[in-house]
There are 2 protein chains.
Amino acid sequence: MGERRDGSRVDGGDEAEAVSRFVERFAAQLVQAGMARMPARVFAALLSSERGALTSAELGEQLRVSPAAVSGAVRYLSQVDMVSREREPGSRRERYRVQGDQWYDVLLKRDSILRNWQETMREGVEHFGPDSPQGRRINDSLEFFRFLEKELGSLMQRWAAHRAEHLEDQGLSDSSRRRP
Amino acid sequence: MGERRDGSRVDGGDEAEAVSRFVERFAAQLVQAGMARMPARVFAALLSSERGALTSAELGEQLRVSPAAVSGAVRYLSQVDMVSREREPGSRRERYRVQGDQWYDVLLKRDSILRNWQETMREGVEHFGPDSPQGRRINDSLEFFRFLEKELGSLMQRWAAHRAEHLEDQGLSDSSRRRP
DNA sequence: CGCTTACTTCATAAATTTATGAAGTTAAGA
DNA sequence: TCTTAACTTCATAAATTTATGAAGTAAGCG
């Protein structure tokens with residue numbers, strides 16, 4: 001049964017089209033959540049590929065965009081650690097691979113953003129004074145973020161435990177391949 | 001000591017300028033998190049105002065934007081329940097007020113977005129089949145979001161408890177004023 | 001009642017973002 | 001060493017977003 005290396009089947013472009021629909025739909029939701037369009041599409045395509053990895057040319061073909069666009073998207077995605085790049089020795093082709101724990105990482109990253117917010121709010125409270133109406137109001141927000149940060153920490157620990165448990169059952173040791 | 005109704009002081013535009021710096025800085029961080037610029041600025045300005053409420057004209061003056069821009073931003077902010085509108089009887093002026101628990105609400109809203117993602121991913125798994133590499137990979141993501149949704153639920157409950165406790169101590173019964 | 005003020009809506013101008021083609025860089029293979 | 005393929009960079013064109021002015025609507029006040 002003729003499969004190509006991007007996971008689509010030769011028999012029936014219907015399959016390729018269905019995959020594309022899923023990719024675009026999922027990408028649209030990532031965009032809605034604040035991600036730039038092209039990185040979102042690339043990421044969704046990788047997630048939907050058989051091996052979880054595609055070359056620049058394959059991505060360009062599936063998404064119908066220029067190599068330049070792929071290059072930019074992939075640069076962003078590796079900066080934020082959502083894909084890793086692997087260069088196969090003996091070839092000029094580079095492969096881009098989705099990590100097994102992208103979401104965990106994304107959430108961890110949010111953590112540092114939270115801390116920036118807290119810093120700004122702290123300055124606000126300091127400026128207005130903790131007993132001014134403004135100071136108190138901003139301090140309330142600050143309190144929520146402090147709470148959130150603390151909770152996210154333990155939440156992530158619980159996830160790590162949960163994940164480890166389920167990974168044992170299935171053969172998904174993808175995480176051993178993390179970080180170049 | 002001469003205070004104006006936007007909370008800035010007549011003595012020394014330095015104060016107004018310092019507030020503006022904080023407003024713009026905080027707004028920039030909201031933008032970074034995915035919020036549109038004008039709603040972010042309006043929200044930050046309200047948060048930094050003495051009463052936690054400003055009129056359209058006051059917002060326009062402080063942010064140096066047209067009434068039209070204020071109108072658009074405020075429409076968005078009330079749609080997502082981050083500000084409430086109150087029309088003082090006997091005046092055409094409308095006041096826009098920040099809620100006491102905006103962040104809680106924002107997080108609750110994320111919850112429904114999470115569910116949309118899950119639906120899309122479920123379709124992906126179904127399409128590829130749960131035993132295909134793609135299906136398994138997407139299912140892993142799905143698993144994380146399921147976990148997250150569950151955890152967010154209990155997290156919010158803990159926050160509600162935490163908040164209630166601290167509100168008793170201080171006189172911050174702002175929450176009694178929620179929702180028009 | 002009509003005048004006036006506060007706000008909204010909508011077409012459009014301005015600014016920003018996004019993806020491209022073309023030129024440049026690096027490294028494989030002959 | 002030279003050729004060529006794979007990818008990157010950069011200036012720019014296209015598309016989208018954002019804020020505006022002008023015209024419109026509603027509500028207080030004389």
Side-chain angles (χ1 to χ4, degrees), chain A residues 5-6 20 23-24 27-46 53-80 83-97 180, chain B residues 5-6 20 23-24 27-46 49 53-80 82-97 180:
Chain A
R5 47 191 199 303
D6 67 350
S20 178
V23 166
E24 296 304 331
Q29 292 187 325
L30 291 171
V31 168
Q32 212 182 4
M35 199 171 182
R37 182 173 301 279
M38 196 56 74
R41 297 180 71 209
V42 166
F43 179 76
L46 290 174
L54 295 172
T55 65
S56 175
E58 289 165 340
L59 283 167
E61 189 194 355
Q62 177 174 353
L63 302 175
R64 304 307 217 96
V65 293
S66 71
V70 173
S71 175
V74 150
R75 178 177 21 167
Y76 169 80
L77 287 170
S78 31
Q79 262 173 3
V80 300
V83 312
S84 61
R85 330 168 67 126
E86 25 186 88
R87 170 165 267 138
E88 334 178 38
S91 164
R92 271 151 294 187
R93 292 212 167 135
E94 201 139 27
R95 290 189 156 256
Y96 307 113
R97 176 179 302 282
Chain B
R5 48 190 201 303
D6 66 349
S20 178
V23 166
E24 297 303 331
Q29 292 186 326
L30 291 171
V31 168
Q32 212 180 5
M35 199 171 181
R37 182 173 301 280
M38 194 59 70
R41 297 180 71 211
V42 166
F43 179 76
L46 290 174
S49 67
L54 294 172
T55 66
S56 174
E58 288 166 340
L59 284 166
E61 190 195 354
Q62 178 175 353
L63 302 174
R64 305 306 217 98
V65 294
S66 71
V70 174
S71 175
V74 150
R75 178 175 23 162
Y76 169 79
L77 287 170
S78 31
Q79 262 174 3
V80 300
M82 288 183 75
V83 311
S84 61
R85 329 166 69 125
E86 25 186 88
R87 170 167 267 140
E88 336 179 39
S91 165
R92 270 149 295 186
R93 292 209 167 137
E94 202 140 27
R95 289 187 158 258
Y96 307 112
R97 159 165 271 114

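Below, chain A is the first sequence line, B the second, and so on; all start at residue 1. Atom set for the values below is all heavy atoms of this structure, side chains included, hydrogens, waters and symmetry mates excluded.
Atom CZ of Arg85(B) and atom P of dA27(D) are 13 Å apart (whole Å). Per the geometry, CG belonging to Leu59(B) stands 11 Å off P belonging to dT8(C), to the nearest Å. Atom C1' of nucleotide dT8(D) and atom CZ of Arg87(A) are separated by 11 Å, given to the nearest angstrom. If you take CE of Met38(A) and P of dT16(D), they are 12 Å apart, rounded to a whole angstrom. Note: CZ (Arg41(B)) to P (dT17(D)) measures 20 Å, nearest angstrom. Straight-line distance from the CD atom of Glu86(A) to the C1' atom of dC7(D): 16 Å, rounded to whole Å. Computed from coordinates, the Arg75(B) CZ to dC7(C) C1' distance equals 12 Å when rounded to whole Å. Nucleotide dA6(D) holds its P atom 13 Å from the CZ atom of Arg95(A), rounded to whole Å.
With contacts defined as side-chain heavy-atom distances shorter than 4.5 Å, the pair Tyr96(A)/Leu77(A) does not qualify. Within the 4.5 Å cutoff, the side chain of Leu54(A) has no heavy atoms near those of the Glu61(A) side chain. No side-chain heavy atom of Val65(B) sits under 4.5 Å from any side-chain heavy atom of Leu59(B). The closest side-chain heavy-atom distance from Val70(B) to Leu63(B) is not below 4.5 Å.
Here dT9(D) is the nucleotide among dT20(D), dT8(C), dT9(D) with the atom lying nearest to any side-chain atom of Ser71(A). Distance from the side chain of Arg93(A) is smallest for dC7(D) among the nucleotides dT20(D), dC7(D), dG21(C). Residue Glu94(B) has its side chain nearest to dT8(C) when only dT20(D), dA19(C), dT8(C) are considered. Taking the side chain of Ser66(B) as heavy atoms from C-beta on, and the options dT20(D), dT8(C), dA19(C), the nearest nucleotide is dT20(D). Picking from dG21(D), dA5(D), dT8(C) the nucleotide with the shortest atom distance to the side chain of Arg92(A) gives dA5(D).
Exactly one residue among Arg37(A), Arg64(A), Arg41(A) makes a salt bridge (Lys or Arg N to Asp or Glu O under 4.0 Å) with Glu24(A). That residue is Arg41(A).
Nearest-nucleotide positions on DNA chain D place Ala57(A) closer to the 5' end than the other of Ser91(B) and Ala57(A).
Within residues 28-37 of chain B, no residue has any heavy atom under 4.0 Å from DNA chain C.
A donor-acceptor contact shorter than 3.5 Å is absent between the side chain of Ser71(A) and the backbone of Pro67(A).
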Quiz item: Under the side chain to side chain contact (heavy atoms under 4.5 Å, CB included) criterion, do Met82(B) and Leu46(B) qualify, and how do the steps go?
Solution: CA-CA 11 Å; Met82(B) 288 183 75; Leu46(B) 290 174; over 6 Å; no
